[in-house]
Amino acid sequence: MHPLDPIFKPQSIAVVGASRRPGSIGREVLHNLIEYDFHGKVFPVNPKADFIHSIKAFPTVASIPDPVDVAVIVVPRQEVLASVDDCAGRGVKGLVVITAGFAETGEEGLKFEKQLLEKVNQYGMRMIGPNCVGVINTDPEIRMDATFAPALPLEGRIGFMSQSGALGVVILNMARELDIGFSYFVSMGNKANTSGNDLLLYWEDDPLTDLILMYLESIGNPRRFMQIARRITKRKPIVLVKAGRTGAGARAASSHTGALVARQGLDVATDALLDQCGVIRVNTVKELFDLALAFSKNPIPRGNRLGILTNAGGPAIMATDAATSMGLEVGKLSERAAAELRKLLPPEAALANPVDMTPKASPRTFAACARLLLEDEAIDSLLVIFVPPMMVSPTDVVAGIDELRREFTKPVLGVIMATEDAFDELNEKQPGHLAIYHFPEPAVQALATMERHRHWRERPVGEVRRFPAEREAARELLETARARGEVHLSAPDAFRLLECYGIPVARSAAAATLAELEAQAKRFHFPVVLKAIAPGLVHKTEAGGVAVDIRTIDELMAAARRMSEAIGDHAVTVPSVTETTATTATAPPASSSPVTFLIQEYVRGGREVIVGMTQDPSFGPLVMFGLGGIYVETVKDVTFRVPPLTDVDAKEMIRQIRGYRLLEGVRGEPPIDFEALAVILERFSQMVEDLPQMAEVEVNPLMAFPEARAFCAVDARVSLPIGG
Ligand code: ADP
Ligand code: MG
């Protein structure tokens, strides 16, 4: 037996705090249990009443003569703990705590919640809530509506969990109107004991649940969520409304990676995470329903070719436009289908896809033409558009299509552009009808989402590969810098760190003085590159701190002198989050210039990309890849992933940026070595996973080439947490 079974599949329920007062939660919960016809026993518990709602009541749970599986608790907050003790005395294994006033209310409530949780754990119980609306299981063998929501649920195959109670109730209401049924409904409340992840696991193998809908405000353990969701979405789609689109954005950022996270806005972290585990994210409850309809009533399409059948031209054009812009194809029908359609339709009908039957089309014509389209090998899914002319009822058209669609394993969606009463009639006379939308766009959008989901399912998961690395040496580099109170690794140390993980770097050497620079230069072949290094100097180019393609020693020394002057003042005036700490902690003695030099081999002809990492406050590290160079923040062509990256993730990241074409080579250039680039991303991901003590890393640019061995990083920055 699963530990959550006593809550979701109980034989007997105690309603602790059941009440006689109509409109009170204690009365509504009891009423719903009875009204929805719970298959087992229900015991009202209330010390002040002999019977409630015509049912014998008990003063305590302990005094109930029969075993009790789950207690629904609706007593005032100050009585909750005592109720839990009472339940424990009767061997209750599951709690649904509806009572509010816990962590959601602040300090004091949080204390109560901790005490509650301690008790629950101590007794080995499981709990939903506190501060929730309750739970529903529509399984005909169970039929439990332990909520105080006014609408009774329809039976269906959707598991729905909501972090917001109010929204959960609204969704239950609307679902009824839309003819959407649920297997489970869970209002999670404060998620003190049972999290969204727990419910996902519970539904993973539940035979009555095919589709999972979630309304979440926070993902408690994102990494665990990713592991679980990644597996489940291969079999059961998960659609999520994640409210509270904020996150790393508000943080001050000193690297391009951080700044790009801030600017791309909102929560790239959540988007990246959900993308990586195949979870479909929507922004509104309306979109949630649009998708719930499509997914719950249809198989996943086998391809992207859409057939459109209509009795009006305009909406079909809208549908075609929407389809094309969302990556679906409104392709040619087969010869056979076209020939058969000609026999069925009047001469003024349009026989190409979209097939416009004209307003004369009867329900019979609709069904006959729909059959031809569904039989056609050139069509993967079908959209039926109906604008009711007088005398033809939508219900008849839908009934005809409904009968037909069960013969096929292709999705069929309907668009009916009619008034509300037409839908009321339809729901009443044709329950369980196909997914119907009021306008073409949301229907097409739903199909496009299903098609993307097919890609996700078919996509190989890939594997997280481990490469040989000098993990200890890398740790030591970071530890030494931290012990010295530094917030950045020195340039040579940053390069060294990359090398520990097999990420190739350009040959370079540091020089503290002009004399040292001159000596170092002898060990390099010209042309070389000169860079200034100074505390607080984040972006060297802006400060005149990069000189490339230097041909002679004289040029080199002249460039170095220019840089000293340019940067001398600049370095200490560059405003940066980390600067003050950096200057006080690592500034050389006041007598010497703060500027030192880095001489580097000149790397010609590479295509510049960026690889970065930044920490998201709730998600942990995020890896970024994109087009690099000094214009990254202007071009903003980047993509994010939550590490660890699989080999498939790495390749996908590369393909996902707009500048992919540039890497493939334009105007006669050969493509870069994508395999080599993917391996560098994987190695980078491994480094990020191994070294959680890094706050930010940025390799920009990494020079990419058609030859794997030519790849090298020419600029790297590694930051440690401030005060860490
Ligand atoms: P910053 O990012 O601090 O401005 P970089 O070291 O990234 O400084 O240099 C800026 C630009 O100079 C790079 O994007 C690249 O175009 C060029 N560059 C830097 N180092 C080299 C090098 N070793 N070989 C060729 N080009 C380089
Ligand atoms: Mg750079």
Side-chain angles (χ1 to χ4, degrees), residues 253-260 488-495 497-499 503-511 517 520-521 523-551 555-556 559-560 562-563 566-567 570-571 574-576 578-579 582 594-614 624-638 659 662-663 672 680 684 696-705 707 709-719:
S254 64
S255 70
H256 293 297
T257 312
L260 281 162
H488 302 293
L489 289 192
S490 68
D493 281 356
F495 285 129
L497 186 80
L498 296 182
E499 282 185 310
I503 299 168
V505 303
R507 205 183 136 225
S508 52
L517 178 66
Q520 287 283 15
R523 304 172 48 222
F524 279 78
H525 290 292
F526 284 90
V528 294
V529 172
L530 182 70
K531 298 180 187 182
I533 303 178
L537 181 60
V538 177
H539 301 310
K540 298 176 287 298
T541 302
E542 289 84 328
V546 178
V548 297
D549 198 11
I550 296 173
R551 305 297 174 95
E555 263 182 60
L556 177 71
R562 264 200 316 278
M563 268 181 206
I567 315 282
H570 195 93
V574 172
S576 127
T578 54
E579 184 200 334
V595 182
T596 58
F597 304 99
L598 189 80
I599 177 173
Q600 194 172 56
E601 64 175 301
Y602 179 53
V603 181
R604 206 187 304 261
R607 270 162 270 178
E608 304 193 5
V609 297
I610 182 170
V611 182
M613 180 278 286
T614 185
M624 182 181 92
F625 168 76
L627 278 195
I630 55 176
Y631 300 120
V632 275
E633 287 191 46
T634 315
V635 179
K636 285 189 230 147
D637 187 11
V638 293
L662 297 178
L663 303 180
I672 63 149
I680 290 177
F684 186 86
E696 282 187 325
V697 186
E698 187 159 283
V699 181
N700 180 31
L702 168 74
M703 299 290 199
F705 290 90
E707 309 81 27
R709 65 187 146 72
F711 276 66
C712 70
V714 302
D715 186 22
R717 242 175 93 76
V718 177
S719 330

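Both counts, for ligands and for their atoms, begin at 1 and track the order of listing.
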*Considering residues at least two apart in sequence or located in another chain, which fulfil the side chain to side chain contact (heavy atoms under 4.5 Å, CB included) criterion with Leu662?*
Leu627, Val666
*asked:* Checking Arg551 now: which residues fulfil salt bridge (Lys or Arg N to Asp or Glu O under 4.0 Å) with it, not counting sequence neighbours?
replied: Asp549
*Do the side chains of Val714 and Lys531 get nearer than 4.5 Å, heavy atoms only?*
yes
*Counting heavy atoms not belonging to Tyr631, are there more than 12 under 6.0 Å from its OH?*
no
*asked:* Please identify which of these residues, Ile630, Asp715, Val548, meets the side-chain contact (heavy atoms from CB on, under 4.5 Å) condition with Thr541.
replied: Ile630
*Applying the side-chain contact (heavy atoms from CB on, under 4.5 Å) test to Leu498, which of Val718, Val611, Val699, Ile680 qualifies?*
Val699
*asked:* If the criterion is any heavy atom closer than 4.0 Å to an atom of ligand 1, which residues make the list?
replied: Val529, Lys531, Val538, His539, Lys540, Thr541, Val546, Val548, Gln600, Glu601, Tyr602, Val603, Glu608, Gly629, Ile630, Asn700, Pro701, Met703, Val714, Asp715
*Under 3.5 Å donor-acceptor, Glu601 side chain and Arg507 backbone*: yes
*asked:* Could you tell me if the side chain of Met624 sits less than 4.5 Å from the side chain of Ile610, heavy atoms only?
replied: yes
*Decide yes or no on side-chain contact (heavy atoms from CB on, under 4.5 Å) for Val632 and Val638, but give the supporting numbers first.*
CA-CA 8 Å; Val632 275; Val638 293; 5.5 Å; no
_Protein-derived N, O or S atoms lying under 2.8 Å from the Mg ion (ligand 2), waters excluded_ = 2
